[in-house]
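To start, the structure itself, in structure tokens.
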Amino acid sequence: MRSFIVVLLVVVLDQATKIWIVQHFDLYETREIVPGFFNLTYLTNNGAAFSMLAGQPALWRQLFFICATIIAMVIIVIAHRSYSRESNWYSVALSLIAGGAIGNLIDRVRLSYVIDFLDVYVGTSHWPAFNIADSAITVGVILFIVTNVILERAKKHTK
């Protein structure tokens, strides 16, 4: 049940922030939040991370992303059944990843692109824009890796 709540929170927060951006920004509009470091910028991305596949035909892209997300969700459910017995942190990590995947899938199915708006930069060097779903996926992957490293070290020390 906790996992479902985490997934739901990520999806709702992701979709709510994207709706807010669309309602309060024009496409490509930027508002400086932390000078020299962080902007809100309304962008769309019809590719994958860092705009990969952006030049491919729309139908092929949509089919690819939907299938990739379905496969990822099946893997996450299987991993959740196995790993969550070892630590609640695995459950949180996998739930964050699932919520992020679902948030971006909703955009792809509804709009055929993903709304990005978080713009982190130093000087003129910008990280590719991202959104709450992308952030949840990234935090989930990092949490999964860190949990794995900590648990593996603990197992070695108890032997």
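All values reported here derive from a predicted model rather than from experimental measurement.
Atom CG of Leu27 sits about 11.0 Å away from atom OG1 of Thr41, to the nearest 0.5 Å. Annotation: the span from Thr44 atom OG1 to Asp107 atom CG amounts to 10.5 Å, rounded to 0.5 Å. Note that the CZ atom of Phe64 and the CZ atom of Arg108 stand 9.5 Å from one another [nearest 0.5 Å]. The CZ atom of Phe25 lies 15.0 Å from the OH atom of Tyr28; values are rounded to the nearest 0.5 Å. Note: Leu94 CG to Thr147 OG1 = 9.5 Å, rounded to the nearest 0.5 Å. Rounding to the nearest 0.5 Å gives a distance of 4.5 Å between OG1 of Thr17 and CD1 of Ile132.
Residue Ile75 is tested with Ile71, Ile78, Val77 for a side chain to side chain contact (heavy atoms under 4.5 Å, CB included); the sole match is Ile71.
When every heavy atom of Gly103 is checked against every heavy atom of Gln15, the shortest pair comes out as O-NE2, 3.0 Å. When all heavy atoms of Leu43 and Ala129 are compared, the pair lying nearest together is CD1-CB, 3.5 Å. Nearest heavy-atom pair, Ile115 versus Val22, reported as atom, atom and distance to 0.1 Å: CD1-CG2, 3.5 Å. Among all heavy-atom pairs drawn from Ser87 and Leu151, the shortest one is CB-CD1, 3.7 Å. Nearest heavy-atom pair, Ser135 versus Leu118, reported as atom, atom and distance to 0.1 Å: OG-CD1, 4.1 Å. Across every non-hydrogen atom of Ala98 and Val7, the tightest pair is CB-CG2, 4.0 Å.
Side chains of Tyr42 and Asp26: a donor-acceptor N/O pair is absent below 3.5 angstrom, by distance only. A donor-acceptor pair shorter than 3.5 Å cannot be found between the side chains of Ser91 and Ser84. For the residue pair Asn131 / Asn104, a side-chain donor-acceptor distance below 3.5 Å is found, with atom types taken as modelled.
Using a 4.5 Å cut-off on side-chain heavy atoms (C-beta onward), Val11 and Ile106 make contact. In this structure, Arg61 and Asn46 have side chains that are in contact, with non-hydrogen atoms separated by less than 4.5 Å. At least one side-chain heavy atom of Leu105 sits under 4.5 Å from a side-chain heavy atom of Ile66. Using a 4.5 Å heavy-atom cutoff, the side chains of Leu40 and Asp119 are not in contact.
Within the structure, ring pair (Phe, Tyr, Trp, His ring centres under 6.0 Å) pairs that include any residue of residues 69-91 comprise Tyr83-Tyr90, Tyr83-Phe144, Tyr90-Phe144 (at least two apart or interchain).
Other residues, nucleotides and ligands contribute only 12 or fewer heavy atoms inside 6.0 Å of the CZ atom of Phe37. When the shell of 6.0 Å around CZ of Arg31 is examined, it contains more than 12 heavy atoms from other residues, nucleotides or ligands.
No path of Ile, Leu, Val, Met, Phe, Trp and Tyr side chains, each step under 4.5 Å between heavy atoms, connects Val6 with Met73, placing them in separate hydrophobic clusters. By the rule that hydrophobic residues join a cluster once side-chain heavy atoms approach within less than 4.5 Å of another member, Val92 and Ile137 end up as members of separate clusters. Val139 is not connected to Val146 by any chain of hydrophobic side-chain contacts under 4.5 Å among Ile, Leu, Val, Met, Phe, Trp and Tyr, and they are in different clusters. In the hydrophobic clustering of this structure, Ile97 groups with Ile102; members are Ile, Leu, Val, Met, Phe, Trp, Tyr whose side-chain heavy atoms approach within less than 4.5 Å, directly or through other members. Residues Leu9 and Ile76 are members of separate hydrophobic clusters, defined by side-chain heavy-atom contacts under 4.5 angstrom among Ile, Leu, Val, Met, Phe, Trp and Tyr.
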Report task. Evaluate the side chain to side chain contact (heavy atoms under 4.5 Å, CB included) criterion for residues Tyr113 and Asn45: first the C-alpha distance (whole Å), next the side-chain angles of each, then the deciding distance (0.1 Å), finally the verdict. Result -> CA-CA 5 Å; Tyr113 56 82; Asn45 177 2; 5.9 Å; no

Query raised in the report: Can you list the steps and then say if Asn39 with Ile33 is a side chain to side chain contact (heavy atoms under 4.5 Å, CB included)?
Result: CA-CA 5 Å; Asn39 294 333; Ile33 304 301; 5.7 Å; no

Query raised in the report: Between Val114 and Lys18, is a side chain to side chain contact (heavy atoms under 4.5 Å, CB included) present by the stated rule, with each step listed?
Result: CA-CA 9 Å; Val114 172; Lys18 289 172 179 175; 4.1 Å; yes

Query raised in the report: Under the side chain to side chain contact (heavy atoms under 4.5 Å, CB included) criterion, do Arg2 and Asn88 qualify, and how do the steps go?
Result: CA-CA 10 Å; Arg2 273 184 289 189; Asn88 285 334; 3.9 Å; yes

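With sequence neighbours left out, Asp134 forms a salt bridge (charged side-chain N to carboxylate O under 4.0 Å, His left out) with no residue at all.
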